[in-house]
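Numbers for residues simply follow the sequence, beginning at 1. Values below: all heavy atoms of this structure, side chains included; hydrogens, waters and symmetry mates excluded.
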Amino acid sequence: MIVEYLIKIFLILTIVIVLQTSYSTLVYRQIGQARWIKFGAVGLVTLAVGIALIMRVKWLTDLPYLHSVVRFIDKVIFAFFGYLSGKLLFVWFIVPLLIIWIIYLGKSAYAVVTSRIKFNQWKKANEEKEKPVEAVVSADGQKDDQQETDLVVEDPEKAVEVDPHFLKNVPLTRIRLNSILGIQRIYEIAKNKGLQVSETETGYVAVYSNAEGIKQLKEILHANHVKEIKLENRPSIVLFDQTVTKCIPIKQAMARIKAGESID
């Protein structure tokens, strides 16, 4: 019966919508195992209830009063389609769907290509910023060693004082703080490999995801006489130098970046 199939299609679409909504709400661009557990629980309950309802559609349409209503609706639908030829059915129902599908496909392809172009432009711009500064070259193409020597000898003590990179024997990695994807990536690394530390222009940045990471960071700060603050008991980003320490939860940092703000 047509009504029975329509009810089953409606239930299937409802299951898909609930799963998609729960995914977007609970885990999309979010961090934490608890969110995945909640999403899994919602998904299992949704599937169990949905499948149970789909299996009971036949029983529902066979109820005494509903069965008569369902049969009447089926007769009306069959009568309507019986008056239409195959060409009219194709023009009225299939062609609009094809047009909508083509428009949607074109918009999706355009969005993907545009996003890819923007990503490549952003990647190229960041790579250019991260290129090491080239050595000063004299007019004859040789390195001006005397100029570098003068810069170093002029005030060596001052150069040592302003050097923000003071950590010794601490493994360093590369951390990108200017994008959500960069923070998500380093969080996953910290979750699997422990505390992650990287140099910045003014000092260092550290990312931890658990209690072990907090312990490792405290040991580093204490060993290098860095002013300690209360670290968040959740995945966080810590910016620090010899005098200042700032702790920002990863979720808050991602919200700032999404709003176009800086976290350093």
Side-chain angles (χ1 to χ4, degrees), residues 2 5-51 53-54 77 80-81 84-131 173-192 196 207 235 237 250-264:
I2 295 178
Y5 288 117
L6 290 176
I7 294 174
K8 290 182 179 180
I9 292 173
F10 173 77
L11 290 174
I12 292 172
L13 292 176
T14 302
I15 293 172
V16 173
I17 292 172
V18 172
L19 291 176
Q20 179 64 35
T21 303
S22 61
Y23 174 81
S24 300
T25 304
L26 295 174
V27 298
Y28 181 65
R29 288 188 175 181
Q30 302 292 335
I31 294 174
Q33 294 181 348
R35 292 181 176 274
W36 283 100
I37 294 174
K38 291 180 181 178
F39 171 68
V42 172
L44 289 175
V45 172
T46 302
L47 289 173
V49 174
I51 293 173
L53 290 175
I54 290 173
I77 295 175
F80 173 75
F81 284 107
L84 298 177
S85 64
K87 291 182 179 180
L88 286 177
L89 287 174
F90 181 80
V91 172
W92 282 17
F93 297 99
I94 306 301
V95 172
L97 292 176
L98 288 175
I99 293 174
I100 294 172
W101 180 79
I102 292 172
I103 293 174
Y104 178 78
L105 182 63
K107 287 185 176 180
S108 299
Y110 175 78
V112 170
V113 172
T114 304
S115 299
R116 188 64 184 177
I117 292 173
K118 290 182 179 180
F119 172 76
N120 289 334
Q121 292 174 345
W122 172 84
K123 183 178 179 181
K124 184 178 179 181
N126 279 275
E127 287 177 350
E128 291 177 353
K129 290 179 182 179
E130 293 170 359
K131 286 181 180 179
T173 186
R174 187 178 182 182
I175 299 177
R176 291 180 180 271
L177 296 179
N178 55 357
S179 70
I180 293 178
L181 290 177
I183 293 178
Q184 287 179 330
R185 177 179 177 277
I186 198 62
Y187 165 75
E188 293 297 331
I189 295 175
K191 186 167 62 174
N192 296 324
Q196 300 295 303
V207 177
I237 298 171
I250 286 181
K251 186 176 180 180
Q252 182 180 341
M254 294 174 68
R256 287 189 185 180
I257 291 176
K258 192 174 182 180
E261 301 176 3
S262 175
I263 64 174
D264 50 12

Q. Yes or no on side chain to side chain contact (heavy atoms under 4.5 Å, CB included) for Ile257 and Ile183, after CA distance, side-chain angles and deciding distance?
A. CA-CA 10 Å; Ile257 291 176; Ile183 293 178; 3.2 Å; yes

Q: Evaluate side chain to side chain contact (heavy atoms under 4.5 Å, CB included) for Ile250 paired with Val207, printing each intermediate quantity in order.
A: CA-CA 9 Å; Ile250 286 181; Val207 177; 4.0 Å; yes

Q.
Before you tell me yes or no, could you show the steps for Leu97 and Trp101 under side chain to side chain contact (heavy atoms under 4.5 Å, CB included), namely the whole-Å CA-CA distance, both residues' side-chain angles and the distance that decides it to 0.1 Å?
A. CA-CA 6 Å; Leu97 292 176; Trp101 180 79; over 6 Å; no

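A distance of 11.5 Å separates NZ in Lys107 from OH in Tyr110, rounded to the nearest 0.5 Å. Here the CZ atom belonging to Arg176 is positioned 8.5 Å from the CZ atom belonging to Arg185, to the nearest 0.5 angstrom. The CD1 atom of Ile186 sits 13.0 Å away from atom CG of Leu181, with the distance rounded to the nearest 0.5 Å. Atom CG of Leu105 sits about 13.5 Å away from atom CD1 of Ile100, to the nearest 0.5 Å. Atom OG1 of Thr25 is separated from atom CD of Gln20 by 9.5 Å, given to the nearest 0.5 angstrom. Atom-to-atom distance recorded for Ile54:CD1 and Leu47:CG is 9.5 Å, nearest 0.5 angstrom.
Counting all heavy atoms, side chain and backbone alike, Val42 lies closest to Thr46 at O-OG1, 2.7 Å. Between Ala253 and Ile237, the shortest heavy-atom contact is CB-CD1, 3.9 Å. Shortest non-hydrogen contact noted between Leu19 and Phe39 is O-CE1, 3.6 Å.
In summary, Lys191 and Glu188 engage in a salt bridge, as defined by a charged side-chain N under 4.0 Å from a carboxylate O.
The side-chain contact (heavy atoms from CB on, under 4.5 Å) test with Leu53 is passed by exactly one of Thr14, Leu11, Ile7: Leu11.
Remark: Lys38 NZ is loosely packed, at most 12 non-hydrogen atoms of other residues, nucleotides or ligands lying under 6.0 Å away.
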